[in-house]
K.L.:
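A single structure is presented below for examination.
Below, chain A is the first sequence line, B the second, and so on; all start at residue 1.
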Protein chains: 2
Amino acid sequence: MITLPDTASPLYEKVKDYILANIGTGRWGKDRKLPSENELVASLGVSRMTVHRALRELTSAGFLIRLQGVGTFIAPPRPQSTLIEINNIAAEIIERGNRHRSEVLVLETIMPTKELALSFEFPKRVSIYHSVVVNFENDLPVQLEERFVNPSLIPDYDKQDFSKTATYDYLMQKTPVTEVEHIISAVPADAETARHLGIDVGACCLFLHRRTWTGAVVATISKLTYAGSRYSLGSRYSPSKNS
Amino acid sequence: MITLPDTASPLYEKVKDYILANIGTGRWGKDRKLPSENELVASLGVSRMTVHRALRELTSAGFLIRLQGVGTFIAPPRPQSTLIEINNIAAEIIERGNRHRSEVLVLETIMPTKELALSFEFPKRVSIYHSVVVNFENDLPVQLEERFVNPSLIPDYDKQDFSKTATYDYLMQKTPVTEVEHIISAVPADAETARHLGIDVGACCLFLHRRTWTGAVVATISKLTYAGSRYSLGSRYSPSKNS
DNA sequence: CATACATACATGTATATACTTTTGCCCGAG
DNA sequence: CTCGGGCAAAAGTATATACATGTATGTATG
């Protein structure tokens, strides 16, 4: 029987500390398999629910991997990927000390195309909101922003004045985002895009496709086109900001 | 009594979805206070532990704020930014079930231009490693990869065979990255890029500029050019994966 | 009137118990 | 030797219960 430290912290935290202290010391074999919940119950003298909570939280924090029916394992060192941050364009422009202005080209209710309804994961055809806005930095158009919005989550989208409130701000305020999908690509400007952004047809544009979810429901689909010569996505990131 | 959806997902997930769906609709008053655990138990017909777990996870995901003795409240909107993930291209290609191959065009030691030395934050001119590699997905060139590497951190870079080990893997293995800077833009292909990627001059390319630091020292500078028509950066991200 | 106490109610922690789902493996039938 | 059934083990979920701890509030008492 192992005795956990006699501090003020809750029991499941002590169990977490105990497990963390034993990760990396090689104490748990070269297959990096932890004792089972029931073994920990026996060796630590706490209930299985408490052990389970400790293990679940360490798993969600990325330290462990658990397989039902198999066991609990130490997670491999962090996956080789880096993150970049995508900011709200209005805020970004203002932060650079420049003036931001929006021009609303379209704000309407439409029936989605079959393809769009599919992207929304709609079982049947329901009408959705559709907006097209051009964002200016010091009177120079930098971003063409087309959005499709799920009206069941954001009811009054079509009644807003998006030349005053940025669409992004309104959406973020109205509904919590639980998941985001991004696809970034480079595309040549089509005729309409070129006209709105004041660039040549065929000029390189950065194209950002974004879907956001609230729970299991697709909340918004956005297609953001940036004039390639006038804009780039940038970020600086420290991986060491995790627990 | 509210009836939760009859799906296969666990009960606490349904409770989380139910709560998320009610956040932002203004359903829970202008003080943004949620019903107490016991009220949710009564209205949803589940046990308090299940409600508690749902609320605890939403709290740790940043959606809620809980005060013992007071109640549960909707958290103020999170900082408005989202993250996208940039993966190792070799790993990405293999994960898609395709074949990855590299062709090393250049691997040499050079004296940096003044501009480059500035990017490295070098006080004086020191020689650096320089590599140019084309990455193929099933014999189709998708990425032109130019790297400048700080020899004081990665000594034997010029002696590796990068048709066998991906440059990325080698660098990640050799030195820990403490900070990353990314700039993504869309550019037309110049003559040389077009030739190496097998695309037309002027075709849209995704251009990724990356600097990595190890401590206070710039370790690598990379210029990655993706054939726009053949590649897009994608990612799906759940903000709720924090502790 | 002000302070102290009692009370109610909120979330936090801990346990015991039961059942479900997934997986790995042994063992026997063919 | 192979296939498949069945069993055991592991994590996952759900509940009932109890007690701990923190907060707000009303009330009795000095």
K.L.:
Any chance the side chains of B/E145 and B/S222 put a donor and an acceptor closer than 3.5 Å?
P.N.:
no
K.L.:
What residues, two or more places apart in sequence or in another chain, satisfy ring-ring contact (aromatic ring centres under 6.0 Å, His included) together with A/Y12?
P.N.:
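Partners of A/Y12 by the ring-ring contact (aromatic ring centres under 6.0 Å, His included) criterion come out as none, since no residue qualifies.
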K.L.:
How does each nucleotide of nucleotides 9-16 of chain D score, in 5' to 3' order, for protein heavy atoms under 4.0 Å: base (B), sugar-phosphate only (S), or none (-)?
P.N.:
-BBBBBBB
K.L.:
Can you tell if the side chain of A/I128 reaches within under 4.5 Å of the side chain of A/N150, non-hydrogen atoms only?
P.N.:
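A side-chain contact under 4.5 Å is absent here.
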K.L.:
Please check if the side chain of B/N138 supplies one atom and the backbone of B/L140 the other of a donor-acceptor pair under 3.5 Å.
P.N.:
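It does not hold such a pair.
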K.L.:
For A/T72, enumerate each residue passing the side chain to side chain contact (heavy atoms under 4.5 Å, CB included) test, keeping only those at least two apart in sequence or located in another chain.
P.N.:
A/L34, A/L55, A/L64, A/R66
K.L.:
With both distances under 3.5 angstrom, what nucleotide forms a Watson-Crick or G-U wobble pair with D/dG30?
P.N.:
C/dC1
